[in-house]
S.K.: 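One structure coming up, written as C-alpha cells, with questions to follow.
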Amino acid sequence: MVDLLPEAMQRWQAVEDAARRLFQRSGFLEIRTPLLEATELFCRGIGEATDVVGKEMYSFSDRGDRSCTLRPEGTASVVRAALQHGLLSQGPQRLWYSGPMFRYERPQAGRQRQFHQIGVEWLGADSPRSDVEVIALGWDLLASLGVGGLELELNSLGTPEDRIAYRAALVTWLEQRADRLDDDSRQRLQVNPLRILDSKNKSTQALLDEAPTLADALSDASRRRFDEVQQGLATLGIPFRINPRLVRGLDYYGHTAFEITSDQLGAQATVCGGGRYDGLVQQLGGPPTAAVGWALGMERLMLVLEAAATANPDGAAARLTATPAPDLYLVNRGEQAETLALALARQLRSAGVSVELDG
C-alpha cells in the first residue's frame, strides 16, 4: 500500500475531474459505498471459487463476531446499495463510483494491495445498445486523457445454459490433457474450469490454442446479440478484436465481456475491463435485473499516462500530468507589504484567481 503525495494527487484529481465531467454529460450519477462490507456479499456476488474470494480478500471478524471484508471490487457494493435503498424501483440506474479497493496479491508495477478504481454500472439496461454505450464511455474517456495505442478486446460469455454446455465440453477436453496443465490450472479444473482460459502460464496458454471455444457453444440468440454489439461498435467507429479466451475474473459476468488495452507501456496492458452481469442483482436477493458496467485501475492508468506524456510532450496526457502553475505569484518585502499582499491574495482568490504568496 502506498501514499499518494501532493504531486501525484494533482494528476489523479485531473483524471477524476475529466471522468466526472464525462459521466455527468452521459447521465451517470455518483454513488459512494463503504470500504467495509459483509463478507457474504462478495462470496455470493463474486463467487467462492474465484481467486479474489479464495485467495485475495482482506477478511476478519469484528467485535460482534460478524465476518467483514475490505471491498475487493466495486460492483457488488453498488448493487447491494441499490437494492438496500430501493433505487431499482425508480427505474434504470446509471451510476459511477471511485475509490480504494483491497486485494491481497503480489505487488507489482501499477498494482498494489490497496488500489483505486473508477467504474460505471448501468442497472436495468438489457439491450445490446447499452453494452455499446458503456464500452464507448470507457473508450472515449481513455482517448480524451491522451492514452494511445488503444485496443478493444471483445468476447461473448453467453447465457448460463451456454456456459454449462461449454464447461462440460472444456472439462472433458482438459481432463484428457491434465498432465500438460500447470498446478494452478489443475486445481481450477475441479472448481472453476473457465478460469483456466485466463491462465498466464505460457505452456497452458499454448495448450489452450487447441481447446474448444465458448463461441462454439453459444445459442443462436446469444450469437445474434453478440453480432448486434459488434455492429454497434462498428457504427461508432470503435475498432475491436474478438478474443475467444477473454473470460474476466469474476463469476457474475455473462454475454458481453471486454477489455480495453494500451501499448503505451510497450506491451499491451489492460487499463479498463468489464461486461454484462444480468444475474448478479437476483443473486444478491433482488428481482431479475439486467446490468452492464466496467472499472479501470487508477494506478495502471497513471503509469500509462506518464508513458503517453513522455512519448508526446505536447499531447493531452502531458498537459494532464503537468504540475499546474498559479495564475499569479505574489512577491512582497517588508511587514507592511506582507499585510497588503495577504489581503490582496485573499481578494484575488475570491475572484477565482490562483495565487501563491511569496513565503
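Just the heavy atoms: all of them, side chains too, but no hydrogens, waters or symmetry mates, feed the values below.
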S.K.: Any side-chain to backbone donor/acceptor pair from W294 onto V134? Under 3.5 Å, distance only.
M.R.: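 Checking the backbone N and O of V134 against the side chain of W294, a donor-acceptor pair under 3.5 Å is found.
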S.K.: So, does R223 use its side chain to make a donor-acceptor pair with the main chain of A215 at under 3.5 Å?
M.R.: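 Yes, because the side chain of R223 sits within donor-acceptor range (under 3.5 Å) of the backbone of A215.
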S.K.: Under 3.5 Å, side chain of R319 to main-chain N/O of D314, donor-acceptor pair present?
M.R.: yes
S.K.: Keeping Q117 on the side-chain end and P100 on the backbone end, is there a donor-acceptor pair under 3.5 Å?
M.R.: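 Side chain of Q117 to backbone of P100: no pair is present.
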S.K.: For L157, run the side chain to side chain contact (heavy atoms under 4.5 Å, CB included) check against D162, L218, L214, L246 and tell me which one passes.
M.R.: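 Among D162, L218, L214, L246, the one that satisfies the side chain to side chain contact (heavy atoms under 4.5 Å, CB included) with L157 is L214.
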S.K.: Scan L357, L330, V355 and name whichever one has a side chain to side chain contact (heavy atoms under 4.5 Å, CB included) with L344.
M.R.: L330
S.K.: Using a strict cut-off of less than 4.0 Å between a Lys/Arg side-chain nitrogen and an Asp/Glu carboxylate oxygen, indicate whether R186 and D179 qualify as a salt bridge.
M.R.: no
S.K.: Just wondering, more than 12 heavy atoms not from D65 lying within 6.0 Å of its CG?
M.R.: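 For D65, atom CG is not crowded (no more than 12 foreign heavy atoms under 6.0 Å).
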S.K.: Any salt bridge linking R11 with E306? Criterion: basic side-chain nitrogen under 4.0 Å from a carboxylate oxygen.
M.R.: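 Yes, charged N to carboxylate O under 4.0 Å.
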S.K.: Heavy-atom count check: over 12 atoms from other residues, nucleotides or ligands less than 6.0 Å from F60 CZ?
M.R.: yes
S.K.: Test of understanding: clusters of I, L, V, M, F, W, Y form through side-chain heavy atoms closer than 4.5 Å, transitively. Do M9 and L301 belong to the same one?
M.R.: yes
S.K.: Would a distance-only check, ignoring hydrogens and angles, find a side-chain to backbone donor-acceptor pair under 3.5 Å from E259 to G274?
M.R.: no
S.K.: Does S185 reach the main-chain N or O of L181 with its side chain, forming a donor-acceptor pair under 3.5 Å?
M.R.: no
S.K.: I'd like to know if E133 and R94 make a salt bridge, using a cut-off of under 4.0 Å between side-chain N and carboxylate O.
M.R.: yes
S.K.: From D184 CG over to T204 OG1, what is the distance, rounded to the nearest 0.5 angstrom?
M.R.: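 Atom-to-atom, D184:CG and T204:OG1 are 9.0 Å apart.
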S.K.: Considering only NZ, NE, NH1 and NH2 on the basic side and carboxylate oxygens on the acidic side, decide whether R224 and D227 come within less than 4.0 Å.
M.R.: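 Salt bridge flag = no for D227 with R224.
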S.K.: Any carboxylate oxygen within less than 4.0 angstrom of a Lys/Arg side-chain nitrogen, looking at E73 and R71?
M.R.: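 Looking at E73 and R71, the cut-off is not met.
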S.K.: Which heavy atom in V171 sits nearest to a heavy atom in P193, and how many Å separate them?
M.R.: CG2-CG, 3.6 Å
S.K.: Is the shortest side-chain N to carboxylate O distance from R225 to D131 below 4.0 Å?
M.R.: yes
S.K.: Could you tell me if the ring centre of F28 sits under 6.0 Å from that of W96?
M.R.: no
S.K.: Strictly distance-based, threshold 3.5 Å: is any side-chain N or O of D358 a donor or acceptor partner for the main-chain N or O of V331?
M.R.: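 Checked: no pair found.
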S.K.: Just by modelled atom types, is the R245 backbone N or O under 3.5 Å from a matching donor or acceptor in the N243 side chain?
M.R.: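 Yes: the side chain of N243 pairs with the backbone of R245.
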S.K.: For a 4.5 angstrom cut-off between non-hydrogen side-chain atoms, does L150 reach T261?
M.R.: no
S.K.: So, the side chain of N332 versus the backbone of A341: is there a donor-acceptor pair under 3.5 Å, distance only?
M.R.: no
S.K.: Measure the spacing between OH of Y58 and CD of Q114 and express it to the nearest 0.5 Å.
M.R.: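 CD of Q114 is found 9.5 Å from OH of Y58.
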S.K.: Could you tell me whether the side chain of Y166 and the main chain of E161 form a donor-acceptor pair under 3.5 Å?
M.R.: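 Not a single qualifying donor-acceptor pair exists.
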